[in-house]
Participant: 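One structure, as structure tokens, below. Some questions next.
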Amino acid sequence: QVQLVESGGGLVQAGGSLRLSCTASGTIFSINLMGWYRQVSGKQRELVARITRGGSTSYADSVKDRFTISRDNAQNTVYLQMNSLKPEDTAVYYCNSLGALGNSWGQGTQVTVST
């Protein structure tokens, strides 16, 4: 019952930055966790960053000190600020929510980091 829409992906050179956005609609009150995952073709989807309802954050070791997950004051939009991007960050990035009414995924947004 939560709908998620991602935006902000694109092509960037190594060392550059991008900010991904995820806008939630529907039963937003039910969301306890929101996170960003990424997936390379032929590989498993992996957790990149997560934020709880209380604002606690966690990150994959590969993106610590480079990526930051945050929310707006209405708690209906989640951002992933990506700095110092590396070619190995290239993937489709997906927004995810987890809450009392279930799990939801966005459609994904492509991030490509060139050398």
Participant: Has Asn103 got more than 12 heavy atoms of other residues, nucleotides or ligands less than 6.0 Å from its CG?
Facilitator: yes
Participant: Go through Val78 and Trp36 one step at a time and tell me if the side-chain contact (heavy atoms from CB on, under 4.5 Å) criterion holds.
Facilitator: CA-CA 9 Å; Val78 172; Trp36 288 95; 3.6 Å; yes
Participant: Assess whether side-chain contact (heavy atoms from CB on, under 4.5 Å) is satisfied between Ser104 and Gln3, documenting all intermediate values.
Facilitator: CA-CA 7 Å; Ser104 296; Gln3 296 81 47; over 6 Å; no
Participant: If you look at every heavy atom in Leu80 and Ala49, which pair is closest and at what distance?
Facilitator: CD1-CB, 4.1 Å
Participant: Nearest heavy-atom pair of Ala91 and Gln110: which atoms, and what distance?
Facilitator: O-NE2, 3.4 Å
Participant: Sorted by first residue and then second, give each salt bridge (Lys or Arg N to Asp or Glu O under 4.0 Å) pair with at least one member in residues 10-39; sequence neighbours left out.
Facilitator: Arg38-Glu46, Arg38-Asp89
Participant: Starting from the C-alpha separation in whole Å, work towards a yes-or-no answer on side-chain contact (heavy atoms from CB on, under 4.5 Å) for Tyr93 and Gln39.
Facilitator: CA-CA 7 Å; Tyr93 284 71; Gln39 186 171 28; over 6 Å; no
Participant: Testing the basics here: between Tyr94 and Arg45, what is the closest heavy-atom pair and its distance to 0.1 Å?
Facilitator: CZ-NH2, 3.5 Å
Participant: Go through the structure and list residues passing side chain to side chain contact (heavy atoms under 4.5 Å, CB included) with Asn83, not counting sequence neighbours.
Facilitator: Ser17, Gln81
Participant: Give the minimum heavy-atom separation between Arg66 and Ser84, together with the two atoms involved.
Facilitator: NH1-O, 3.0 Å
Participant: With a 6.0 Å cut-off (strictly less than), is the heavy-atom count around CD of Gln1, excluding the residue itself, greater than 12?
Facilitator: no
Participant: Extract all donor-acceptor atom pairs below 3.5 Å that involve side chains of residues 50-59 and protein atoms in other chains or at least two apart in sequence.
Facilitator:
unit_1, atom_1, unit_2, atom_2, d
Arg50, NH2, Tyr37, OH, 2.5
Thr52, OG1, Gly54, N, 3.3
Thr52, OG1, Gly55, N, 3.3
Thr52, OG1, Ser56, N, 3.1
Arg53, NE, Ile31, O, 3.1
Arg53, NH2, Phe29, O, 2.6
Arg53, NH2, Ile31, O, 2.5
Tyr59, OH, Ile69, N, 2.9

Participant: When you look at Val2 and Ile28, which way does the side-chain contact (heavy atoms from CB on, under 4.5 Å) test go after all the steps?
Facilitator: CA-CA 6 Å; Val2 174; Ile28 298 170; 5.6 Å; no
Participant: Using every non-hydrogen atom in the two residues, find where Glu6 and Cys95 come nearest and quote the distance to one decimal.
Facilitator: OE2-N, 2.7 Å
Participant: Same cluster or not: Tyr79 versus Phe67, using hydrophobic residues (I, L, V, M, F, W, Y) connected whenever any side-chain heavy atoms lie under 4.5 Å apart?
Facilitator: no
Participant: With side-chain hydrogen bond (donor to acceptor under 3.5 Å, both in side chains) as the criterion, how do Glu88 and Thr90 come out once you've worked through the C-alpha distance, each side chain's angles and the decisive distance to 0.1 Å?
Facilitator: CA-CA 5 Å; Glu88 51 263 45; Thr90 295; over 6 Å; no
Participant: If every non-hydrogen atom of Val92 is compared with every non-hydrogen atom of Gly108, which pair is closest and at what distance?
Facilitator: CG1-CA, 3.9 Å
